[in-house]
Amino acid sequence: MTTAPPPIDDVAALQARAEALRSQLNYHNYRYYVLDDPEIADGQYDALMQELRAIEADHPELQSPDSPTQRVGAGPSAQFAVVPHRVPMLSLANAFSPEALRSWYERIVRLTGRDIRGFTVEPKIDGLAITLRYESGKLTVGATRGDGSNGEDITPNLRTVRTVPLALHDAPPRLLEVRGEVYLSRAAFQKINDERMEEGQPLFANPRNCAAGSVRQLDPRISARRPLDVFIYALGEANGWRPRTQWEMLEGFARWGFRTNPENQRCDTIDEVLAACARWESRREALAYDIDGVVVKVDDLDLQAELGAIGREPRWAIAYKFPPMQATTRLLDIGINVGRTGSLNPFAILEPVKVSGVTVRLASLHNDEDVRRKDIRIGDTVLVQRAGEVIPQVVGPILTKRPPDATPYALPTACPVCASPVVKPEGEAMARCTGGFERCVAQRWELLKHFVSRGAMDVESVGEKLADTLMRHGLVRDVSDLYDPERVNKEALVRLERMAEKSAQNVLDNLELSKARPLSRVLFALGIRYVGAQTAELLARAFGTMDRLRSAEAADVEAVEGIGKKIAESLYAYFRVPANLRVVDRLAGFGVSMVEPSTQATGPLAGLTIVVTGRLPSYARTQVEARITDLGGTVGDSVTKKTSYLVAGEEAGSKLAKAVKLGTPVLDEVGLEALIREREGDPDAAHQAAGPQAAA
Ligand code: IVH
């Protein structure tokens with residue numbers, strides 16, 4: 001469904017083009033987000049979006065609120081307006097057990113005097129109920145449930161939710177209001193909280209709170225950044241449309257472009273319904289989002305009308321609620337894990353308690369700040385929650401049950417593993433052990449595990465277990481020992497438990513292989529604070545070799561696109577610690593590669609090897625070198641026959657002499673810039689770079 005742009009010469013044609021683009025983009029959005037089955041490549045989508053943005057920017061009068069460009073979120077509004085719900089938004093009665101669900105069924109059978117068959121069973125998403133109003137197929141109002149009679153107008157925020165259609169397809173009723181649930185997946189929630197933790201912001205307790213907080217932002221740009229989703233499950237109003245069943249209604253929604261839950265199912269008898277509920281109860285964690293139960297609805301809409309409602313609760317539907325994944329228990333003690341970079345992570349040691357079928361003894365407490373903010377004390381009765389994550393969490397203390405002698409928790413002032421002093425830098429949520437890997441066994445152990453792991457040096461056959469064994473047997477003290485033939489060799493390996501000759505050789509072969517990993521992997525593997533895989537790649541590409549990186553000033557590192565002050569300072573500090581330098585030197589000495597193969601054979605300087613020497617007038621040498629690698633060139637350390645150019649500044653010494661001797665062209669800073677421009681295709685630059693002149 002992609003058409004080529006017509007030649008555009010007047011506003012009418014532009015308007016038609018904008019409308020065509022909008023409908024195409026809305027269609028592809030639907031394929032991508034709702035059906036999860038895109039028809040075009042991301043690049044093609046971006047091109048359409050760009051074209052539409054350009055038209056709307058040049059002609060604001062052609063803008064339209066249902067344009068997909070509006071999903072970025074308009075500016076903040078002062079407050080939410082009240083939206084009266086023309087058809088009230090109902091809530092549901094709960095059934096907390098299979099027996100209660102069966103009683104509900106028996107009651108409606110009694111009331112109608114009929115044998116009732118045909119139900120829908122829909123996962124009950126734990127999110128925020130919303131209503132969406134469409135006039136002539138265009139989204140006009142989106143609101144929260146509020147008290148069921150009046151909600152808040154959050155239209156600008158809901159426009160940013162990619163599964164909320166801005167325009168419907170397939171001839172919907174002229175007026176249509178649908179109800180559904182906005183929610184965040186557990187993964188999205190986790191990511192948001194991880195980021196907030198990094199930034200020292202308070203954490204959201206669960207995906208529901210996070211979704212509610214996101215959608216009720218006064219600034220829609222914040223909602224736009226949260227990957228909210230929606231499922232539509234109920235009808236408010238529809239003129240002229242009368243489906244016969246709930247199922248038919250759901251099908252209608254899907255046809256017009258709404259996202260309905262693919263897990264919804266239809267059951268004939270109440271026994272089937274009960275079986276479906278039991279199935280969901282044991283499978284709730286298989287879903288990417290939290291559900292707190294199952295909604296059971298009588299399928300036949302005439303029967304629904306006949307059954308009616310009591311107050312706000314329809315008789316024709318019920319929420320079968322799962323037992324909460326929460327429980328209370330006593331906090332026996334607070335333990336401390338020491339992470340790879342020395343972070344002290346407190347965890348809860350609990351009186352064992354069953355939480356939705358699983359016995360919980362340990363739970364996460366996030367970080368020291370969180371413990372203090374929630375004022376969790378040893379001896380407290382605490383609320384424990386499993387929210388799909390592997391590790392359960394302590395939600396908070398039950399203050400009414402606090403023992404009178406409980407004292408606020410204080411983090412130890414010395415590392416529980418190595419007794420080094422603990423520091424907590426201003427503005428950071430994490431306290432840290434200052435022992436570093438040389439003194440702190442815990443850090444050394446975490447670092448070794450990280451070093452051999454997948455995204456790092458990826459030493460196959462050396463997993464967590466073997467890493468542990470190697471350390472316990474004293475073969476490996478720090479990561480450089482891995483490659484030390486005096487320590488890790490065949491004789492030593494075969495003496496380890498469950499290590500045959502063949503597997504020992506395998507380990508050695510894999511270690512050998514890992515020596516060729518590019519600099520970016522090595523940098524990441526070293527576990528330098530704030531240097532993640534992506535940052536390591538940026539650094540490796542910019543500096544090319546470990547030597548250049550370690551002699552760089554913090555300012556040169558910060559000058560690299562995408563690298564901030566925090567990273568630059570951390571890196572600079574890392575290379576000022578003798579123990580770190582020793583590890584890096586030993587790794588290099590054992591043959592671990594410390595260069596980044598030039599991945600970009602493109603760029604104006606591709607194929608050239610350039611050596612830089614002496615003091616240059618306007619740039620630090622490392623900056624010039626970074627520029628050369630950025631543009632695809634290779635920076636050489638010494639002048640050889642393979643050197644394409646020498647860039648020489650003031651007080652250039654032996655390298656200049658060598659270049660003159662070999663006949664290597666010599667450039668000054670201006671000459672280098674001219675060379676770059678020439679190779680970028682600027683004809684005016686050609687004469688300047690043509691005759692490389694020796695620097696003064
Ligand atoms: S039907 C009668 N269907 O549960 C119409 N509600 O406890 C009432 N919910 O306010 C809603 N998934 O926020 C319905 N498939 C589903 C649902 C669902 C989640 C929420 C909704 C409602 C609450 C009632």
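Remember, it's 1-based here, ligands and their atoms both numbered in the order they're listed. Values below: every heavy atom of this structure, side chains too, minus hydrogens, waters and symmetry copies.
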_Residue portion contacting ligand 1 (non-hydrogen atoms closer than 4.0 Å) for Ala319_ = neither
Pairs of donor and acceptor atoms involving the side chains of residues 313-320, under 3.5 Å and at least two apart or interchain, shall be tabulated with distances.
| residue | atom | partner | partner atom | Å |
| --- | --- | --- | --- | --- |
| Arg315 | NH1 | Leu307 | O | 2.5 |
| Tyr320 | OH | Glu281 | OE1 | 2.9 |

*Going by the atom numbers of ligand 1, which of them fall below 4.0 Å from some non-hydrogen atom of Glu122?*
3 (N), 15 (N), 16 (C)
*What part of Glu181, side chain from CB on, backbone N/CA/C/O, both or neither, has a heavy atom under 4.0 Å from ligand 1?*
side chain
*What part of Arg179 sits under 4.0 Å from ligand 1 if we count only heavy atoms: the side chain, the backbone, both or neither?*
neither
*N or O contact, Lys297 vs ligand 1, cut-off under 3.5 Å*: yes
*With sequence neighbours excluded, give me every salt bridge (charged side-chain N to carboxylate O under 4.0 Å, His left out) pair touching residues 92-109.*
Arg102-Asp271
_So, 4.0 Å and heavy atoms of Met89: is ligand 1 close enough to count as a contact?_
no
*With atom 14 (C) of ligand 1 as the reference point, say which of Phe231, Tyr183, Tyr233 has the nearest heavy atom.*
Tyr233
_Would you say Thr140 and Glu135 are linked by a side-chain donor-acceptor pair, where the criterion is simply a distance under 3.5 Å?_
yes
*Check: Tyr409/Asp380 side-chain N/O donor and acceptor closer than 3.5 Å*: no
*asked:* Is it true that Thr163 and Asp229 share a donor-acceptor pair across their side chains at a distance under 3.5 Å?
replied: yes
*Would you say the ring centroid of Tyr183 lies under 6.0 angstrom from that of Phe231?*
yes
*Shortest protein contact, atom 23 (C) of ligand 1 (heavy atom only)*: Lys124 NZ, 3.8 Å
*Show which atoms of ligand 1 fall inside a sub-4.0 Å distance from at least one heavy-atom site of Val295.*
3 (N), 16 (C), 17 (C), 18 (C)
*Any chance the side chains of Thr69 and Glu56 put a donor and an acceptor closer than 3.5 Å?*
yes
*Heavy-atom contacts with Ile125 under 4.0 Å: which atoms of ligand 1 show up? List them by number with element.*
12 (N), 19 (C)
_Taking atom 8 (C) of ligand 1 as the reference point, the nearest protein heavy atom with its distance_ = Leu90 O, 3.7 Å
_Polar side chain donor-acceptor pair, Arg179 to Thr131, under 3.5 angstrom_ = yes
_Can you confirm whether Arg402 is buried at CZ, in the sense that more than 12 heavy atoms of other residues, nucleotides or ligands lie under 6.0 Å from that atom?_
yes
*Would you call Pro314 a ligand 1 contact, heavy-atom distance under 4.0 Å?*
yes
*Looking only at protein heavy atoms, which one is nearest to atom 10 (O) of ligand 1, and how far off is it?*
Ala129 CB, 3.9 Å
